[in-house]
Amino acid sequence: MFELSREMIAYGIVAVVIAIGVPWLGYTLRRRKRERLRRRGVKTYGH
């Protein structure tokens, strides 16, 4: 029983990391793309 609970904790940690990491990664990439376009002169990107 203890082995099962340890495995569940490990899967829970992985799930939390993925749940936080995926939206953060998407937000970071989108922001970086917008900054690159702004440097090129596109002012109203994403509005």
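These figures come from a predicted structure and were not determined experimentally.
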- Query: According to a 4.5 Å side-chain heavy-atom criterion applied to Ile, Leu, Val, Met, Phe, Trp and Tyr, with indirect links allowed, do Val16 and Leu25 form part of one hydrophobic cluster?
  - Reply: no
- CG of Leu4 to CD1 of Ile9, rounded to nearest 0.5 Å, is 10.0 Å
- Supply the atom-to-atom distance Tyr11 OH to Ile18 CD1, rounded to the nearest 0.5 angstrom. 11.5 Å
- Item | Atom pair CZ/CZ of Arg36 and Arg31 - distance to nearest 0.5 Å | 12.5 Å
